[in-house]
Amino acid sequence: MQPAKPPTEPTPSRFSLPGSVARPSPALQSKGVKITISKENYLKTIAEAESEGEAVIAATLARWLNVTAPAVTMAIKRLKRDGFIHVDSDGHITLTAPGREIANRLLNRHHLIERMLTEIFGMEWFKVHEEAEQLEHAVSEDFERKLIEKLGAGASCPHGNLVGLDTPVDRRRRGLRPLDEGAAGEKLSVVSVFERDREMLEYLENLGVRPGVTLDVIARNYDETLTLRVDGKSVQLGRPVASRVWAAAADSRTAQ
Ligand SMILES: [Zn+2]
């Protein structure tokens with residue numbers, strides 16, 4: 001018989017799975033240092049926020065995971081105690097080697113499941129992230145090996161993102177730029193899109209802006225929007241969205 005959920009449990013969002021971090025069930029507590037799903041999610045989120053070039057502090061995690069500050073404080077205490085994170089005197093959080101190993105394992109599985117869903121099952125690219133958020137916790141090492149055999153390693157996910165730590169600096173080094181830096185007259189190829197915002201992905205899909213698409217930058221407007229030509233249509237894109245889409249010169253061979 002499962003104990004009743006504590007009433008203070010944070011509302012699950014698309015970023016967090018049901019299950020309280022601050023007050024784990026007795027069943028979870030009795031397993032000692034076993035990593036719970038929520039702990040794994042914290043570690044993965046730290047790696048993901050780093051990947052977006054964010055300085056990771058407690059508030060970053062509260063925002064990314066949509067949990068309360070006290071829940072984050074409690075989780076940080078536990079992760080630190082268990083040796084998965086390091087917190088410096090400014091509150092800046094970094095992963096230790098064991099913490100990074102767990103985060104990477106989850107990121108790898110997330111990546112493989114997204115690829116499985118689109119490449120094998122034909123699921124739409126803008127839907128697979130949420131699905132992978134759930135399924136990544138249920139993948140065994142055996143199944144992971146099968147997925148790698150089937151899909152091959154190293155390709156980018158349906159959102160164009162590479163597996164592992166890939167910061168804005170890394171992307172620029174590969175010749176990519178955020179779309180909002182596009183100049184009028186440029187022909188650009190969309191390479192990757194920030195994938196943790198489902199509404200934004202659907203918005204982009206409706207405009208025809210998705211990884212692999214080539215578009216023309218027609219104008220940079222005074223109101224910080226871009227006028228683009230996508231598939232023969234004129235499309236306006238505001239800066240908050242354009243800055244989360246990475247593109248390469250359409251004839252570039254250095255970009256992945
Ligand atoms: Zn992805």
Side-chain angles (χ1 to χ4, degrees), residues 13-17 37 40-54 56 60-61 63-66 95 100 102-139 143-144 146-148 150-179 188-213 240-248 255-256:
S13 74
R14 61 191 150 171
F15 292 129
S16 63
L17 293 167
I37 284 175
E40 286 184 320
N41 274 346
Y42 269 99
L43 296 172
K44 190 181 75 158
T45 302
I46 294 166
E48 287 179 321
E50 275 179 358
S51 206
E52 290 305 314
E54 291 208 31
V56 185
T60 319
L61 295 177
R63 179 160 44 85
W64 275 62
L65 289 161
N66 194 21
L95 295 169
R100 184 159 312 275
I102 291 165
N104 283 344
R105 191 173 64 207
L106 212 52
L107 288 169
N108 280 333
R109 289 175 179 180
H110 181 96
H111 185 93
L112 285 168
I113 289 169
E114 284 192 347
R115 289 188 57 208
M116 172 188 84
L117 291 169
T118 47
E119 294 175 32
I120 298 176
F121 296 105
M123 194 173 206
E124 296 91 333
W125 72 285
F126 55 91
K127 287 184 183 170
V128 295
H129 176 79
E130 283 81 11
E131 212 69 52
E133 286 287 282
Q134 304 294 322
L135 293 172
E136 67 195 18
H137 301 283
V139 175
F143 185 37
E144 186 175 359
K146 290 283 174 208
L147 285 174
I148 294 169
K150 187 98 184 162
L151 300 167
S156 53
C157 79
H159 311 96
N161 294 312
L162 299 179
V163 72
L165 190 65
D166 188 35
T167 65
V169 173
D170 296 327
R171 283 172 222 154
R172 284 182 192 275
R173 212 170 280 146
R174 289 203 304 279
L176 310 187
R177 276 179 307 148
L179 190 54
L188 298 172
S189 170
V190 176
V191 175
S192 69
V193 176
F194 177 79
E195 68 184 66
R196 284 168 289 273
D197 185 339
R198 171 67 178 269
E199 273 181 66
M200 185 187 80
L201 296 182
E202 289 193 29
Y203 183 72
L204 287 169
E205 169 65 19
N206 286 334
L207 297 177
V209 177
R210 63 183 83 85
V213 156
V241 175
S243 65
R244 291 153 98 194
V245 176
W246 288 78
Q256 50 93 27

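Just follow the structure's listing: the first ligand is 1, and inside any ligand the first atom is 1.
- With 3.5 Å as the limit, one finds no donor-acceptor pair spanning the side chains of E144 and N108.
- In summary, the side chains of H110 and E195 do present a donor paired with an acceptor at a separation below 3.5 Å, with no hydrogens or angles considered.
- Atom OE1 is the N/O/S atom of E195 found closest to the Zn ion (ligand 1).
- Pairing each heavy atom of L107 with each of A47, the nearest pair is CD1-CB, 3.9 Å.
- Restricting H159 to its N/O/S atoms, the shortest distance to the Zn ion (ligand 1) is reached by ND1.
- When distances to the Zn ion (ligand 1) are checked against a cut-off of 2.8 Å, H111 contributes no N, O or S atom below that limit.
- H111 places a side-chain N or O within donor-acceptor distance of the main-chain N or O of A155, the cut-off being under 3.5 Å.
- Using a distance-only test at 3.5 Å, with no hydrogens or angles considered, a donor-acceptor pair links the side chain of H159 to the main chain of W125.
- Here the angle centred on the Zn ion (ligand 1), running from OE1 of E114 over to SG of C157, is 100°, rounded to 10°.
- Using a cut-off of 2.8 Å, one finds that H110 contributes no N/O/S atom close to the Zn ion (ligand 1).
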